[in-house]
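Structure first, commentary second.
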Amino acid sequence: MKKIAIIGGGIIGMTLAIYLDKQKCHVTLFDSEVGQATKASAGIISPWLSKRRNKKWYRLAREGAAFYEKLVTDFHLDETIYTQSGTLLLRKKNDLADLAALAESRKLEAPEIGEISLLSAEETQKQLPLLKQQPSLRISGGGRLDGAAYLNELRKQALAAGVIFQSASVSIKKVNDSWLVQTADAKKNLGTFDFLALTAGPGLKALLSPLGYTIDIRPQKGQLLSFNTKFKDSQSWPVAMLDGESDLIPFYQGNILLGATHENQAGTDLTPTKEAYDHLREVSQPFLASSELFAGEPPQIRVGTRAYTSDFAPFFGPLPEDPSLVVASGLGSSGLTTGPYIGYLLAEYFHTQTFDHVDLQKSLDTYIKR
Ligand SMILES: Cc1cc2nc3c(=O)[nH]c(=O)nc-3n(C[C@H](O)[C@H](O)[C@H](O)COP(=O)(O)OP(=O)(O)OC[C@H]3O[C@@H](n4cnc5c(N)ncnc54)[C@H](O)[C@@H]3O)c2cc1C
């Protein structure tokens, strides 16, 4: 039996835990539950029309979105957790035609995009009544994930399969050929392991720096507004990606999210701010039919910390100089899209001891050096 410790119980760590073969691996997952991006996230799975030029990132994101079909089947995820709600993209009318052409070309390799339709101003509002009348592009394959519900469901299934969960902020140390996991203050030993998977988001730096590594990773604060509205059929509405920074994500029973901020100077601060509320209100205003969303009870503000690299691309896999140490971080704003697939690929590494995904990322030493 391989003894594996996973450090970080967000979307990568939890997916890795569930996919590891428990007949061959003894799995313990440590999570400090602080600032987690997955629980705070907005939920949009719709990478296909990104204008980012990084081809490896796009391939990873495309395969990540396609992977949801397997994920839903493997763990019987119901539509309160993940659903293909469809996505509306709001842009200037001329830009929409270009976007539709891009969608058609990308659909050749990504049939999961589904139907692509240009909607009139009236049709857009009919699809999502909170929006002003404005033309949009609809892609039917766009998805919506409830990050917190996903983690709850997988945790339940992983517990039943024998994964051990420990709520703790930890540090790590190599002792002979084993990995020692200790409390963050190093006062208490929590276990020794053959392998470590560090899936700690921006917390990766604090885990690896004491071992002499420099890591290209920085925290980014993200805040979003969570409204409890009277629109009880909201789950049937599509997600709207507004032109600019904000998105409107209708969930179940009137829960509607508006997000999110991208704050690069806030470190790992988790304080909800009025500035974020004002900013999200202002940038969404040109797209909303009325101020109805803001007229009811005040929204809750959710805060999480994303992990970013200098080129905004994730990295993942075993370290070349020590294959008993596996890392994954830097998922940025699209980690719900890429995270489950990365977790699955890491599980495959533990099963086969081979790892070769140069088509999906730059080499690890681009991001981690000793
Ligand atoms: C507001 C917001 C909106 C977002 N919206 C979207 C979206 O719509 N679509 C999309 O694709 N992505 C979105 N994202 C991005 C996505 O949520 C993240 O990229 C993804 O969840 C990162 O997953 P992760 O597993 O790498 O890290 P996390 O989910 O952050 O999990 C890391 C875990 O590691 C734990 N940890 C850290 N250090 C230690 C330690 N020393 N000991 C123990 N535990 C530790 C933390 O407590 C945390 O629980 C959003 C993010 C935010 C913040």
Side-chain angles (χ1 to χ4, degrees), residues 5-17 28-47 50 60-61 64-65 68 87 142-148 150-151 154 165-172 181-186 190 196-210 217 219-226 239 241 245-249 257-263 266 268 270 272 276 280 301-309 312 314-316 327-343 346:
I6 301 171
I7 299 176
I11 198 158
I12 313 177
M14 195 67 85
T15 313
L16 166 61
T28 307
L29 189 152
F30 297 91
D31 189 39
S32 63
E33 295 163 22
V34 178
Q36 192 192 82
T38 305
K39 265 189 203 152
S41 63
I44 304 171
I45 312 295
S46 196
S50 166
L60 175 66
Y68 266 84
T87 309
R144 181 189 71 200
L145 178 79
D146 183 331
Y150 176 78
L151 294 184
L154 259 59
F165 286 87
Q166 285 207 39
S167 173
S169 177
V170 305
S171 58
I172 55 172
V181 175
Q182 301 178 299
T183 50
D185 59 10
L190 300 172
L196 285 187
L198 307 182
T199 52
L204 182 65
K205 207 170 202 161
L207 284 163
L208 281 184
S209 297
I217 200 101
Q220 184 190 64
K221 181 175 180 181
Q223 303 190 59
L224 59 72
L225 309 182
S226 172
V239 166
M241 298 174 80
E245 219 195 22
S246 61
D247 304 304
L248 199 62
I249 310 101
L257 305 184
L258 177 66
T261 65
H262 295 78
E263 302 168 53
T268 52
L270 293 172
L280 291 169
I301 304 185
R302 280 198 210 161
V303 190
T305 313
R306 306 179 187 92
Y308 263 94
T309 58
F312 304 100
F315 58 85
F316 54 99
V327 297
S329 185
L331 275 59
S333 296
S334 49
L336 296 188
T337 313
T338 56
Y341 187 47
I342 290 174
L346 295 184

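The structure displayed is predicted, hence computed values, not measured ones. Atoms within each ligand, like the ligands themselves, are counted from 1 in listed order.
Distances from atom 29 (O) of ligand 1 to the heavy atoms of Thr38, Leu16, Leu331, Asp31 put Thr38 nearest. Comparing Val303, Ile44, Val170 against atom 41 (N) of ligand 1, the shortest heavy-atom distance belongs to Val170. The residue among Gly35, Ala37, Gly201 with a heavy atom at the shortest distance from atom 30 (O) of ligand 1 is Ala37.
Contact annotation: for Thr199 versus ligand 1, heavy atoms closer than 4.0 Å belong to the backbone alone. Residue Arg302 does not touch ligand 1, judged by heavy-atom distances below 4.0 Å.
Between Leu336 and Tyr68 the shortest heavy-atom distance is O-OH, 2.6 Å. Of all non-hydrogen atoms in Val181 and Leu196, the two that sit nearest each other are CG2-CD2, 3.9 Å.
Taking 4.5 Å as the limit, every side-chain heavy atom of Tyr308 sits out of range of all side-chain heavy atoms of Ile217. Counting only heavy atoms from C-beta outward, the side chains of Leu258 and Leu224 never approach each other to under 4.5 Å.
Looking only at heavy atoms of the protein, atom 19 (O) of ligand 1 is closest to Gly332 O, 2.8 Å. Remark: minimum distance from atom 50 (C) of ligand 1 to any protein heavy atom is reached at Ser41 CB, 3.6 Å. Of all protein heavy atoms, the one lying nearest to atom 38 (N) of ligand 1 is Ala200 CB, 3.6 Å. Residue, atom and distance of the protein heavy atom nearest to atom 51 (C) of ligand 1 are Arg306 NE, 3.5 Å. For atom 26 (O) of ligand 1, the closest heavy atom belonging to the protein is Ile12 CD1, 3.4 Å. Atom 14 (N) of ligand 1 has Ser333 O, 3.7 Å as its closest protein atom, hydrogens excluded (heavy atom only). Shortest contact from atom 39 (C) of ligand 1 to any protein heavy atom: Ser32 OG, 3.9 Å. Scanning the protein heavy atoms around atom 43 (C) of ligand 1, the nearest turns out to be Ala168 O, 3.2 Å.
Heavy-atom separations between Ser169 and ligand 1 include at least one value shorter than 4.0 Å. Judged by the shortest distance from any of its heavy atoms, Gly339 lies outside the 4.0 Å radius around the atoms of ligand 1. A heavy-atom separation below 4.0 Å is not found between Gly259 and ligand 1.
Between the side chains of Gln220 and Glu263, no donor N or O sits under 3.5 Å from an acceptor N or O. For the residue pair Thr38 and Gln36, no side-chain donor N or O sits within less than 3.5 Å of a side-chain acceptor on the partner. In summary, the side chains of Thr87 and Ser46 do present a donor paired with an acceptor at a separation below 3.5 Å, with no hydrogens or angles considered.
Less than 4.0 angstrom separates some heavy atom of Gly43 from each of these atoms of ligand 1: 7 (C), 8 (O). Atoms of ligand 1 lying under 4.0 Å from at least one heavy atom of Ala40, given by number and element, are 1 (C).
Panel note: side chain Lys221, backbone Val303; no donor-acceptor pair is recorded below 3.5 Å.
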